[in-house]
Amino acid sequence: PEEVRLASIAAVSALGLDFGAVDIGWRDGVCCVFECNTACGFEVGTITAQKYGEAFKRILRGGV
């Protein structure tokens, strides 16, 4: 949901980071940020690795 996306962006911004992996709980229309990982681990071939790759490509091409 859009609320989760906005909460993630706000959490990363509040910490003064350029990026981070935000762990969020979502229930009954309410989200809660649990933590923000600045050096999150991921395995090649997972959706997380794919999403990071896509984001870095966008940044390198001048997008956000």
Side-chain angles (χ1 to χ4, degrees):
E2 182 68 5
E3 294 88 350
V4 172
R5 187 181 79 78
L6 294 174
S8 298
I9 292 169
V12 171
S13 178
L15 294 170
L17 302 173
D18 293 322
F19 70 93
V22 182
D23 294 345
I24 290 185
W26 170 259
R27 184 172 154 187
D28 298 329
V30 177
C31 61
C32 177
V33 174
F34 297 128
E35 67 175 336
C36 183
N37 298 300
T38 58
C40 56
F42 59 84
E43 295 181 31
V44 174
T46 63
I47 190 73
T48 302
Q50 177 185 344
K51 293 293 184 186
Y52 264 90
E54 292 168 1
F56 286 133
K57 285 179 188 176
R58 276 194 312 274
I59 291 167
L60 292 172
R61 291 181 181 139
V64 177

Colleague: Could you report the tightest heavy-atom contact between Cys36 and Leu17, atom names first, then the distance?
Modeller: SG-CD1, 3.9 Å

Colleague: Check for me, please, whether Val4 and Val22 land in the same ILVMFWY cluster - side-chain distances under 4.5 Å, paths through other members count.
Modeller: yes

Colleague: What's the spacing between Glu2 CD and Cys31 SG if we round to 0.5 Å?
Modeller: 11.0 Å

Colleague: Determine whether Ile24 and Cys32 make a side-chain contact, defined as any pair of heavy atoms from C-beta on separated by less than 4.5 Å.
Modeller: no

Colleague: Around atom CG of Asn37, are there more than 12 heavy atoms from other residues, nucleotides or ligands closer than 6.0 Å?
Modeller: yes

Colleague: Are side-chain heavy atoms of Asp23 and Val33 found at a separation under 4.5 Å?
Modeller: no

Colleague: Let me confirm one number: the OH-CZ distance from Tyr52 to Phe19, rounded to the nearest 0.5 Å.
Modeller: 6.0 Å

Colleague: Does Glu54 pair with Lys57 as a salt bridge, N-O distance under 4.0 Å?
Modeller: no

